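Just so we're clear, the structure is a prediction, and the values are computed from it rather than from any experiment.
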Amino acid sequence: MNQKISKRLETVASFVPQGARLVDVGSDHAYLPLFLVEKAVISYAIAGEVVEGPYQSALQHVRESGYTQQIEVRLANGLAAFDQTDQMTAITIAGMGGRLIADILEAGKDKLEGIERLILQPNNREDDVREWLEIHDFRLVAETMVAENGKFYEILVAEPGEQSLTSLEKRFGPYLLQEVSPVFQQKWEREADKLQHALAQIPTEHSIERARIEEKIQQIKEVLHVSK
Ligand code: SAM
């Protein structure tokens, strides 16, 4: 089987180190571990799933691919999918809300000793993920943003280490902010448009709420170097 995956997941995969022992949390269909095993990037992965349906489809997919020696599918909540004896070195958590990703890491934080890299792809609330990383002594080592099917996805790569982020960096991403790529520009222009639209619906007497949104818009303009 030649595993084809989305551009989003392929970008997540590109940050998995060669030879990593990978835990993929929320591994619906086990697409990501299968892709990495087929490409010989990794030779062992645990595909963790908390919901029976996606767990069964991951199991079936791994069986059909013939990689049952390389990929173990486990029915488990978050980081409960592995323990120290598995000697895992990297974790991917993709395609979920940022709040949920932070909650999964928080609930399993005692498992993170020995983990050399986290590759996280929140669908939203990226600031919550960056905040969690900062508090728990993980530092971002790379970030990228991809656009696919009209959506924007941020991929955050972190390793053990200290880092102090400003609130601007938490919202926009320290590396993404430096790069201001065309995709980044598009995402935040769209976000500013949405905020403008929201602002237009808020009556003038709701000045606190209006000021809060205006500030968000202004921050985007500054980041994108828009003068007015
Ligand atoms: N990671 C894949 C991707 O990026 O394409 C699948 C994303 S899918 C939208 C999210 C998956 O995470 C679902 O299959 C869901 O059952 C699973 N999930 C949600 N919370 C989880 C948890 N606490 N532990 C394990 N899996 C979880």
Is atom CZ of Arg125 surrounded by more than 12 heavy atoms (other residues, nucleotides or ligands) closer than 6.0 Å? no

Calculate, to the nearest 0.5 Å, the distance between atoms CD1 and CG belonging to Ile42 and Leu36 respectively. 4.5 Å

From Leu79 atom CG to Leu112 atom CG, the distance as rounded to the nearest 0.5 Å: 6.0 Å

From Gln121 atom CD to Met145 atom CE, the distance as rounded to the nearest 0.5 Å: 11.5 Å

Geometric class of the Phe172/Phe184 ring pair [parallel <30°, tilted 30-60°, perpendicular >60°]: tilted

Side-chain ion pair, Arg171 and Glu215, N-O less than 4.0 Å: no

Any chance you could measure Arg139, atom CZ, to Ser164, atom OG, to the nearest 0.5 Å? 14.0 Å

All side chain to side chain contact (heavy atoms under 4.5 Å, CB included) counterparts of Glu106, not counting sequence neighbours: Lys109, Trp132, His136

For a quick test of your reading: what N or O donor-acceptor pairs under 3.5 Å do the side chains of residues 10-17 make, sequence neighbours left out?
{"unit_1": "Thr11", "atom_1": "OG1", "unit_2": "Lys7", "atom_2": "O", "d": "2.7"}
{"unit_1": "Ser14", "atom_1": "OG", "unit_2": "Thr11", "atom_2": "O", "d": "2.6"}

Residues 89-100 side chain polar contacts: donor-acceptor under 3.5 Å, at least two apart:
{"unit_1": "Thr89", "atom_1": "OG1", "unit_2": "Arg21", "atom_2": "N", "d": "2.9"}
{"unit_1": "Thr92", "atom_1": "OG1", "unit_2": "Asp24", "atom_2": "OD1", "d": "2.8"}
{"unit_1": "Arg99", "atom_1": "NH2", "unit_2": "Asp103", "atom_2": "OD1", "d": "3.3"}

Can you name the nearest heavy-atom pair linking Ser27 to Ala58, along with the distance? O-CB, 3.7 Å

Using a distance-only test with no angle check, is there a side-chain donor-acceptor pair under 3.5 angstrom linking Gln218 and Glu214? no

Against Arg130, only a single residue in Gln163, Glu143, Glu169 fulfils side chain to side chain donor-acceptor pair (under 3.5 Å); can you say which? Glu143

Between the CZ atom in Arg63 and the OG1 atom in Thr68, the distance rounded to the nearest 0.5 Å is 9.0 Å

Determine whether more than 12 heavy atoms belonging to other residues, nucleotides or ligands lie under 6.0 Å from atom CD of Glu162. no

No-hydrogen, no-angle side-chain donor-acceptor test under 3.5 Å, Gln60 and Gln56: no

Leu118 and Phe138, any side-chain heavy atoms less than 4.5 Å apart: yes

More than 12 heavy atoms from other groups under 6.0 Å of CD on Glu205: yes

Should Ile101 and Leu165 be regarded as members of a common hydrophobic cluster, given that ILVMFWY residues are connected when their side-chain heavy atoms come within less than 4.5 Å of each other, either directly or indirectly? yes

By ring pair (Phe, Tyr, Trp, His ring centres under 6.0 Å), Tyr153 pairs with (sequence neighbours left out) none

I'd like to know whether NZ of Lys170 has more than 12 heavy-atom contacts from other residues, nucleotides or ligands below 6.0 angstrom. yes

Run the salt bridge (Lys or Arg N to Asp or Glu O under 4.0 Å) test against Arg117 and tell me which residues pass, sequence neighbours left out. Glu159

Nonpolar side-chain network containing Ile208, other nodes, edges under 4.5 Å: none

